[in-house]
2 protein chains.
Amino acid sequence: MTARTSPEAAREIPEATVARLPVYLRALTSLTEAGTATCSSEELAAAAGVNSAKLRKDLSYLGSYGTRGVGYDVEYLRYQIAREIGVTQDWPVVIVGIGNLGHALANYSGFRSRGFRVVALLDADASRHGELVAGVAVRPFDDLAAIVRDNDVAIGVIATPAPAAQDVADRMVEAGISSILNFAPGVLSVPEGVDVRKVDLSIELQILAYHEQRKAQQARPDGSVDEVPVPLVEQGLVDQGRVS
Amino acid sequence: MTARTSPEAAREIPEATVARLPVYLRALTSLTEAGTATCSSEELAAAAGVNSAKLRKDLSYLGSYGTRGVGYDVEYLRYQIAREIGVTQDWPVVIVGIGNLGHALANYSGFRSRGFRVVALLDADASRHGELVAGVAVRPFDDLAAIVRDNDVAIGVIATPAPAAQDVADRMVEAGISSILNFAPGVLSVPEGVDVRKVDLSIELQILAYHEQRKAQQARPDGSVDEVPVPLVEQGLVDQGRVS
DNA sequence: AGGAGTTTGTGAACGCGAGAACAAAATCTG
DNA sequence: CAGATTTTGTTCTCGCGTTCACAAACTCCT
Ligand SMILES: NC(=O)c1ccc[n+]([C@@H]2O[C@H](COP(=O)([O-])OP(=O)(O)OC[C@H]3O[C@@H](n4cnc5c(N)ncnc54)[C@H](O)[C@@H]3O)[C@@H](O)[C@H]2O)c1
Ligand SMILES: NC(=O)c1ccc[n+]([C@@H]2O[C@H](COP(=O)([O-])OP(=O)(O)OC[C@H]3O[C@@H](n4cnc5c(N)ncnc54)[C@H](O)[C@@H]3O)[C@@H](O)[C@H]2O)c1
């Protein structure tokens, strides 16, 4: 690993690894709850659904937190990963668009328990203002800038209809938000330095449909109804976006 | 492209390409609605948020549907992609776990309009049975096998709490479902030939948090509050799971 | 008709990630 | 204490995906 020419060079964690760290974190939390104090890379890899070599390589980017011949201290490793991700502190989050999906998100308890705190629910529809969802009041969308400023909000969630999403994103960026989780379909355009991640249910289903169609096609034309001729997938598809 | 040793060899579309086809499909639908009859790879790539070379290579796996010097016929290409994905037909879908999230999913109109039909809503909680959500009644989970058989259901959605997810998945597979979209956190174990895709809100937020933390760290220690020292991302993160 | 201009489809180069394999480091055993 | 055993951290190789760059193919204009 030749250090890049930069002075400190820090640890530059590959994006694929970053995407798996939360999975390891969850697996470690499960192990803790099960009372396990120590685990090998093999065990943890199984719990996370990945290859053990991949797991070890991923962890090596963070440092040397294991002990050869022994394994990893579950609690210690869990803390190190949480610190690396940045979820030892609580991140304030705003949700915009409190419709079907927004309500579900606001009610989702997994937010709190994983290092995120919903500080505001915003909606453009005045008839929703004042409504309490999971103890938080729905407020006018125009309060965004003030809320972001007062609470140091860096992360915003968009759950509005698609046509409003770009507008909302622009206003979020303007207000100082630099990370957006977008549930509305379509492409968001944001300035450099702003991260966007997209969750698109229809795309996921369509990917499944494609593979489903291939399976069906492979059984039909031959006439023979054979079982799983080509193993498409089995497990451990931690990497979002890949199936096999 | 050397044809694999198999007899027909068909077109083997790379997984990364499959994951982008739905994005192109949506972009083309937008163009159609905007009244555009023809478009270049450059225009379509912009609408989909990807590099135009990548778009052309992706489309080349499907066939030669463009005209050099002209571009693509929007409607024709849209149909070809829809056919390739398999969404010219309607796919019956069952949703299991009609709580917060399940309600939102059941109410989601984007299902229907994109080639999927919710044929049943299932929940283990008897007090929910009979409730109508978007015109579909909530039924006992034990009806699963019959519903899958009668409606030829291949795709199932899991929106139950995490502890129940593996059980539900097992029952789905047993009933004949071979594609699962899982919203519950944790790793599902399924037999070969069954596809699982996972949507995990917390993981997405944690990935954002990681990058957010890096941005903050890069501004602080230097003392200087410079603007975006290293361009982390800008746009076009079509590929789920990557940020930059 | 012929040349200029466009735009597709693809060959080739490159970089990143996955996995196998192994050396180093720790524990355990006798 | 020495050797066997376990398990990590890392090196190496391979394959996939992205991107560049360009020839082929089509249109348009004179
Ligand atoms: N419901 C689902 O399960 C689901 C699944 C996948 C994707 N989505 C997407 O998520 C988004 C929301 O879906 P939904 O079913 O909750 O829709 P919805 O219509 O129920 O809710 C949208 C909410 O956004 C508010 N809104 C509209 N414009 C706004 C603006 N400019 N600023 C602030 N708020 C605004 C509306 O008042 C409404 O309350 C949609 O883009 C949808 O495609 C939903
Ligand atoms: N609400 C969200 O926004 C959100 C976001 C991300 C992930 N999730 C995940 O989605 C899942 C559902 O979340 P929710 O908020 O809707 O939970 P919820 O508790 O509101 O709903 C769960 C539903 O599943 C039903 N259920 C439980 N066990 C079952 C079983 N064995 N078979 C059939 N049905 C069963 C329950 O009766 C309940 O109706 C959870 O795993 C959660 O972690 C939710």
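In this text the structure is predicted, and so the values were computed from the model without any measurement. Chain naming here is simple, since letters A, B, ... match the order of the sequence lines and numbering starts at 1 in each.
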Take the protein atom [atom1] of [X] and the nucleotide atom [atom2] of [N], then report the distance between them rounded to whole Å.
X       : N      : atom1 : atom2 : value
B:Lys54 : D:dA21 : NZ    : C1'   : 17 Å
B:Gln80 : C:dT8  : CD    : P     : 17 Å
B:Tyr61 : C:dT10 : OH    : P     : 10 Å
A:Leu44 : D:dG9  : CG    : P     : 12 Å
A:Glu42 : C:dG19 : CD    : C1'   : 13 Å
B:Leu55 : D:dT19 : CG    : C1'   : 13 Å
B:Lys57 : D:dC22 : NZ    : P     : 15 Å
B:Asp58 : C:dT10 : CG    : P     : 13 Å

Considering only side-chain heavy atoms of [X], which listed nucleotide, [options], is closest?
X       : options                : result
A:Ser60 : D:dT18, D:dG9, C:dA18  : D:dG9
B:Pro14 : D:dG17, D:dT19, D:dG9  : D:dG17
A:Ala16 : C:dT10, D:dC20, C:dA18 : C:dA18

### Task
Please state whether the phosphate of D:dC20, meaning OP1 or OP2, lies under 4.0 angstrom from any side-chain nitrogen or oxygen of B:Asn51.
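Answer yes for this pair, as a side-chain N or O of B:Asn51 is under 4.0 Å from OP1 or OP2.
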### Task
Applying side chain to side chain donor-acceptor pair (under 3.5 Å), name anything that partners B:Gln213, two or more places apart in sequence or on another chain.
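By the side chain to side chain donor-acceptor pair (under 3.5 Å) rule, B:Gln213 matches no residue at all.
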### Query
Quick one: side chain to side chain donor-acceptor pair (under 3.5 Å) partners of A:Ser179, sequence neighbours excluded?
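A:Ser179 satisfies side chain to side chain donor-acceptor pair (under 3.5 Å) with B:Glu212 only.
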### Message
So, taking the atom named CG in A:Asp73 and the one named OG1 in A:Thr67, what distance separates them when rounded to the nearest 0.5 Å?
### Response
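Answer rounded to 0.5 Å: 8.0 Å.
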### Task
Please list, chain by chain and in numerical order, all residues satisfying salt bridge (Lys or Arg N to Asp or Glu O under 4.0 Å) with B:Arg26, sequence neighbours excluded.
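So B:Arg26 forms a salt bridge (Lys or Arg N to Asp or Glu O under 4.0 Å) with A:Asp200.
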### Task
Could you tell me which residues satisfy side-chain contact (heavy atoms from CB on, under 4.5 Å) with B:Pro14, sequence neighbours excluded, listed by chain and number?
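B:Thr17, B:Tyr61.
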### Query
Under the ring pair (Phe, Tyr, Trp, His ring centres under 6.0 Å) test, which residues partner A:Tyr79, sequence neighbours left out?
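So A:Tyr79 forms no ring pair (Phe, Tyr, Trp, His ring centres under 6.0 Å) with any residue.
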### Task
If a protein heavy atom is under 4.0 Å from the base, mark B; if only from the sugar-phosphate, S; if neither, -; do that for nucleotides 1-7 of chain D going 5' to 3'.
-----BB
### Query
Are B:Gln80 and B:Arg83 close enough that a side-chain donor and a side-chain acceptor fall under 3.5 Å?
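Checked: B:Gln80/B:Arg83 side chains pair up, N/O donor to acceptor below 3.5 Å.
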